[in-house]
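Please read all numbers here as calculations on a predicted model, not as lab measurements. Chain identifiers are assigned alphabetically (A, B, ...) following the order of the sequence lines, protein sequences preceding nucleic acid strands; residue numbering begins at 1 within each chain.
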Amino acid sequence: QAGSIRSEVPGPSRERDKPESSQCSLHPFQVSFHQLGWDHWIIAPHLYTPNYCKGTCPRVLRYGLNSPNHAIIQNLVNELVDQRVPQPSCVPYKYVPISILLIEANGSILYKEYEDMIAQSCTCR
Amino acid sequence: KVGQPSIALLAEAPTLPLIWELLEDVPGKQQSKPRVLGHPLRYMLELYQRSADMHGHPRENRTIGATMVRLVRPLANVAKPLRGPWYIQTLDFALRPNRALYQLVRATVVYRHQLHLNRYHLSCHVEPWVQKNPTNHFSPSGRASSKPSLLSKAWTEMDITQHIQQRLWKHKGRRILRLQFMCQQQKGTEVVLRHWHGTASLDIAFLLLYFNDTHKTVHKAKLLPRGMEEFTGRGSSLLLRRAR
């Protein structure tokens with residue numbers, strides 16, 4: 001019953017004021033291992049694309065955002081009960097791993113797949 | 001701290017497993033970069049290119065069979081005096097202490113089975129060194145096999161998983177895998193000993209250890225006690241409908 005909730009909540013709609021681009025979404029971002037100060041031991045890859053999530057979470061959390069039940073409740077509490085309880089935050093939802101080739105301190109060479117290194121999608125929670 | 005992009009700063013977050021791992025594995029910035037050249041580096045670069053794309057995304061069809069591969073080079077090569085027709089070197093490999101989160105799935109030794117010293121040719125093989133004991137036998141898990149895609153013609157790969165798991169892996173403390181690199185001169189040639197001793201500085205063999213990361217399964221088990229998955233699986237959709 002999202003529509004009826006919206007009509008009952010007093011005050012201007014935060015969603016309506018925000019342009020589409022400021023809503024919670026994935027932003028591509030690339031950094032080099034040189035910038036992170038790790039290029040003295042990482043052989044490959046040279047560039048890393050961690051990406052990031054940024055934007056406002058909508059008042060009504062739609063299915064596509066994959067928000068958990070708790071986020072839905074917290075949003076309702078923020079809107080209807082107590083505004084000191086913050087709205088859910090825009091954070092990564094799915095990650096993918098990255099494979100890294102590096103030189104260890106003793107001269108061994110290591111190939112390793114590190115989990116959860118690249119944000120692939122975002123959620124409000 | 002701005003302008004000091006270093007993992008040392010991240011040490012303040014010691015609960016992060018990745019950070020601990022990086023601090024443990026990574027050479028310090030002040031330390032000079034370990035020099036790794038030649039065949040070991042080429043081998044690992046090729047393994048990397050086959051397993052991940054240029055952005056570092058693991059390939060869907062990768063055949064590596066592990067989430068971590070460590071190439072270990074010998075600590076030192078000691079060329080022994082000639083024993084009959086055999087030229088022998090002892091190779092010691094230091095194995096790091098076991099970590100519960102990584103399971104050894106495979107171990108192989110990659111070595112040159114052909115050596116060319118000036119105009120002399122040697123045929124070589126590798127044997128794990130075992131103490132003189134009548135009950136000791138070495139039985140490699142598989143026959144030596146060359147893999148043309150990753151290895152050039154002069155190199156061969158031999159599976160020694162069983163040997164490492166049975167004899168070394170469960171030991172605590174410092175563990176050394178000792179191998180003997182044995183070469184035989186080809187008919188009609190006689191290698192000058194000084195050439196043989198010169199091979200001590202060459203890359204003639206390296207060890208490959210394949211591991212699987214068990215962290216994910218451990219983590220999941222900790223997060224979801226028995227029976228919880230079922231609860232969350234069925235319950236969450238119900239709760240979602242009620243909340244909406």
How far does [atom1] of [X] sit from [atom2] of [Y], to the nearest 0.5 angstrom?
{"X": "A:Asn106", "Y": "B:Leu75", "atom1": "CG", "atom2": "CG", "answer": "9.0 Å"}
{"X": "A:Leu101", "Y": "B:Leu45", "atom1": "CG", "atom2": "CG", "answer": "5.5 Å"}
{"X": "B:Asp213", "Y": "A:Lys112", "atom1": "CG", "atom2": "NZ", "answer": "5.5 Å"}
{"X": "A:Ile109", "Y": "B:Arg70", "atom1": "CD1", "atom2": "CZ", "answer": "11.5 Å"}
{"X": "A:Gln30", "Y": "B:His55", "atom1": "CD", "atom2": "NE2", "answer": "7.5 Å"}

Segment of A:Ile100 engaging chain B (4.5 angstrom heavy-atom cut-off):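 The answer is the backbone of A:Ile100.
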Non-hydrogen atoms of chain B under 4.5 Å away: do they reach the side chain of A:Leu47, the backbone, both or neither?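 It is the backbone, since no side chain atom gets that close.
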Which atoms of B:Met54 approach chain A - backbone, side chain, both or neither, heavy atom under 4.5 Å: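 The backbone, not the side chain.
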Is B:Leu209 in contact with chain A via its backbone, its side chain, both, or neither, using a 4.5 Å heavy-atom distance?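 No part of it gets close to chain A.
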Which heavy-atom pair separates [X] from [Y] by the least distance, and what is that distance?
{"X": "A:Leu110", "Y": "B:Met44", "result": "C-CE, 4.3 Å"}
{"X": "A:Gly107", "Y": "B:Arg73", "result": "O-NE, 3.9 Å"}
{"X": "A:Ser99", "Y": "B:Tyr48", "result": "O-OH, 2.8 Å"}
{"X": "B:Arg62", "Y": "A:Tyr111", "result": "CD-OH, 4.4 Å"}

Relative to chain A, which of B:Ala66, B:Pro58, B:Ser51 shows the most heavy atom pairs under 4.5 Å?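 Answer, by heavy-atom pair count under 4.5 Å with chain A: B:Pro58.
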